[in-house]
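One structure is given here, and the rest of the page talks about it.
Atom set for the values below is all heavy atoms of this structure, side chains included, hydrogens, waters and symmetry mates excluded. Every chain is numbered from 1, with letters handed out A, B, ... down the list of sequences.
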There are 2 protein chains.
Amino acid sequence: MKRGRPTIEQVAALAGVSRGTASRVVNDEPYVSAAARAAVLKAVRELGYVPNQAARSLVTRTHETVALVVSGEADDPRLSEDPFFAEVIVGINAVLAETDLELMLMLGANERARTRLLRRLRSGQLDGVMLLALPGADPLCRLAEESGAPTVYGGRTMDGEPRYFVDADNRGGARKAVEHLLVQGRQRIVTITGPVDNEVTHARLSGCLDALGGGADPVVMHADFLESGGYQAMQSLLHAHPDLDAVFAQSDNMAAGALRALREAGRRVPDDVAVVGFDDLPWARHTAPPLTTVNQPIRAMGSEMARMLVALLGGGEPTSLILPTRLVLRESA
Amino acid sequence: MKRGRPTIEQVAALAGVSRGTASRVVNDEPYVSAAARAAVLKAVRELGYVPNQAARSLVTRTHETVALVVSGEADDPRLSEDPFFAEVIVGINAVLAETDLELMLMLGANERARTRLLRRLRSGQLDGVMLLALPGADPLCRLAEESGAPTVYGGRTMDGEPRYFVDADNRGGARKAVEHLLVQGRQRIVTITGPVDNEVTHARLSGCLDALGGGADPVVMHADFLESGGYQAMQSLLHAHPDLDAVFAQSDNMAAGALRALREAGRRVPDDVAVVGFDDLPWARHTAPPLTTVNQPIRAMGSEMARMLVALLGGGEPTSLILPTRLVLRESA
DNA sequence: GTCGTCTCTGGGAGCGCTTCCAAAGTTAGG
DNA sequence: CCTAACTTTGGAAGCGCTCCCAGAGACGAC
């Protein structure tokens, strides 16, 4: 008789009411007498009843599930070399935990992953999507939006501003960093950037140029946001511009690489060369010397993305957000 | 007529076959004529049909979804201060991408999170669970198993060995690390551990004792796996045992903290004091001096967990795995 | 007493799919 | 030509749930 998990029918039978009434109680709807409600609740408890989500989804067409899609290669070193990804998730989770939404995670931007996302989206299993755009432009963005599901972006893309997004004030942060170097009286400031096709690279470069004004041609070296890239870029820069006295690295990882190259080259930081990073990763306070860097509220970005999506799901019209960044002064500059 | 997404009924109608036949084609079952198959496939393509997963789940009771549950506080610093978590996910994702399984992520071990997991599990929405146990013991483990869903563990728990797990050879790695210090002729080796109630702490401590043999009382200081904890522990140890000449820190983060404390105390590494860490995090090669540490294949752990779960789902009987760790020699020891 | 109005309940319909069964068609063996 | 397989098909049943509607009471106003 009691094969498998109990159904609402069994709950109703035990409570001595109809299926409809039991359903009303379970979904906390009005128009149920106190007596009936109590009886159903009791039956639910006794049977250990948990509604079957698939059956519910079939009729309500909601799924209590949203996805975080991280485009970019599944083995992108940024995924693990920096805690960005994990922090965003923690932020998202904090907000979702307050709701009944569950988080589905989808990594990778290859054809196969894209197909699966779309399938999942269209097979109706996702109520909404958060897109974390690591690389520059990505067709995925369009795909998600075309499917009609509410979509929120983390960061902006190279091809225009999405309808709903959360971003850090990369430009403002970079400006503050370089202004600080300027105020310190640094004369020959060089910049190490991320990949050229990356929106973040552009934003941070813009901020850098904002600070530099229309002065002499700024020295810019493109790298890859990673430690090794920063290291190599710094070596090249030292070679090409031996008289440089300050470096603005667009990521802490690259700043760490620059620090290493400077150390090996015998330059003292900050006496000979000042170094500023960007991100304020947890270990930035522990480099030698401690790294002056631009803090961006990564966890908050995650939370705000989630909040925005929840609002969208609730029929709201959230406004996109640019979260403030701030310069954290330590000893490297 | 074509309101909303197409159903299999519409596909069948367009192909001129019955719903049953269409279903057979979609699920790639035998006993369908070539002509019928072609017609259905054509209709599927024309309509852009994607089966409704909820409806399918309702009858098949499978959901093509597994969960990664990370017990421990949702804002545990280990989640973001080290890339462990992200690496495991990348590893899992690599395997899952080859299947049709999707990944659901559940963080946090508080009452609420637990309830939700159970609900999701019992409401039939998860085909299996991977549990990543950050802290020592956790009732969650039992809960998941009781629900009857296939469960795979990452790491072992304090209360016995789970049925299916993947773990790193923490004990062996620690033994190798300390043996290396011994071989170098270090006389006064101290150990900085993780939290006492942690299985990893125990395993690595056992390995350390294995190497030390039954000699003099080993000097052990408990900390928290974090940089700051390592820093403080190192300061205390220097105070209590000024003559120490080697440190085995049970995590790279703590090793980094120890390095910082030693630098501030004016001790040279490795001349005065040798330092060995554990984890081989990406930045370990970039500390000053580069950190000798024990590498553990984190990504592989994720992959193996996923593989094991997939096997379980397929009715297999996988065997638990202890992945090898290896000592990576750099300059700090 | 009659008429609305509001509260509460039962039960049918149906979400989109798979699964089963019976029937029809096909083939080969005797 | 008949029988015993096998192949192929259509269609009914039903997964567990929500939604809707009709109807039964209860209650006050006229």
Side-chain angles (χ1 to χ4, degrees), chain A residues 1-41 43-44 47-64 100 119-125 127, chain B residues 1-41 43-44 47-64 100 119-125 127:
Chain A
M1 157 129 216
K2 254 188 81 182
R3 53 200 236 267
R5 292 202 342 272
T7 72
I8 201 166
E9 194 102 33
Q10 291 175 32
V11 170
L14 181 58
V17 300
S18 76
R19 204 176 52 241
T21 301
S23 172
R24 257 164 249 141
V25 172
V26 169
N27 293 313
D28 214 28
E29 282 171 15
Y31 297 137
V32 180
S33 67
R37 186 172 299 266
V40 171
L41 255 22
V44 165
L47 259 32
Y49 170 74
V50 177
N52 180 318
Q53 180 66 33
R56 178 179 278 179
S57 291
L58 188 54
V59 29
T60 62
R61 284 146 197 295
T62 64
H63 311 273
E64 314 273 82
D100 282 321
R119 194 188 144 90
R120 234 49 189 195
L121 221 44
R122 313 197 56 189
S123 87
Q125 195 164 185
D127 293 331
Chain B
M1 160 136 215
K2 253 188 78 180
R3 53 200 235 268
R5 290 201 345 271
T7 72
I8 201 166
E9 192 103 35
Q10 291 175 32
V11 170
L14 181 59
V17 300
S18 75
R19 204 172 50 241
T21 301
S23 170
R24 259 164 248 141
V25 173
V26 170
N27 293 314
D28 214 28
E29 282 171 14
Y31 297 139
V32 180
S33 68
R37 187 173 299 265
V40 171
L41 255 21
V44 164
L47 260 32
Y49 170 74
V50 177
N52 180 317
Q53 179 65 33
R56 177 178 278 177
S57 292
L58 188 54
V59 30
T60 62
R61 285 149 196 293
T62 64
H63 311 274
E64 314 274 80
D100 282 322
R119 192 190 146 92
R120 236 45 190 195
L121 221 42
R122 314 198 55 189
S123 86
Q125 195 165 185
D127 294 331

Please state whether the phosphate of dC17(C), meaning OP1 or OP2, lies under 4.0 angstrom from any side-chain nitrogen or oxygen of Ser23(B).
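Ser23(B) to dC17(C) OP1/OP2: no side-chain N or O under 4.0 Å.
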Is the shortest side-chain N/O distance from Thr60(A) to OP1 or OP2 of dT18(D) below 4.0 Å?
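It does not, given that no N or O in the side chain of Thr60(A) lies less than 4.0 Å from OP1 or OP2 of dT18(D).
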Which nucleotide in the set [options] lies at the smallest distance from any side-chain heavy atom of [X]?
| X | options | result |
| --- | --- | --- |
| Ser33(A) | dT9(C), dT18(D), dT9(D) | dT9(C) |
| Ser18(B) | dG11(D), dG10(C), dC17(C) | dG11(D) |
| Val17(A) | dC17(D), dG10(C), dT18(C) | dG10(C) |

4.5 Å side-chain heavy-atom contact, [X] and [Y]:
| X | Y | value |
| --- | --- | --- |
| Asp28(A) | Arg37(A) | yes |
| Asn52(A) | Arg5(A) | yes |
| Arg119(B) | Gln125(B) | no |

Select from Ala35(B) and Tyr49(A) the residue whose nearest nucleotide in DNA chain D is closer to the 5' end of that strand.
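Final value for this comparison: Ala35(B).
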Contact nearer the 5' end of DNA chain D, comparing Thr7(A) with Arg24(A):
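Result of the comparison: Thr7(A).
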How do Gly20(A) and Gly20(B) order along DNA chain C: which one's closest nucleotide is nearer the 5' end?
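It is Gly20(A) whose nearest nucleotide is closer to the 5' end.
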Between [atom2] of [N] and [atom1] of [X], the distance in whole Å:
| X | N | atom1 | atom2 | result |
| --- | --- | --- | --- | --- |
| Asn52(B) | dT18(C) | CG | P | 10 Å |
| Glu9(B) | dG10(D) | CD | P | 12 Å |
| Arg19(A) | dT18(D) | CZ | C1' | 9 Å |
| His63(A) | dG16(C) | NE2 | C1' | 12 Å |
| Gln53(A) | dG16(C) | CD | P | 17 Å |
| Leu58(B) | dG14(D) | CG | C1' | 9 Å |
| Arg56(B) | dT19(C) | CZ | C1' | 13 Å |
| Tyr31(B) | dT9(D) | OH | P | 13 Å |

Once you apply a heavy-atom cut-off of 4.0 Å, does [X] come out as touching a base, just sugar-phosphate, or nothing?
| X | value |
| --- | --- |
| Ala54(A) | nothing |
| Pro51(B) | sugar-phosphate |
| Arg61(B) | sugar-phosphate |

Has the side chain of Thr62(A) got a donor or acceptor atom that lies under 3.5 Å from a matching backbone atom of Glu64(A)?
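Answer holds: no.
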Kindly say whether Arg56(B) contributes a backbone atom to a donor-acceptor pair with the side chain of Thr60(B) at under 3.5 angstrom?
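It does hold such a pair.
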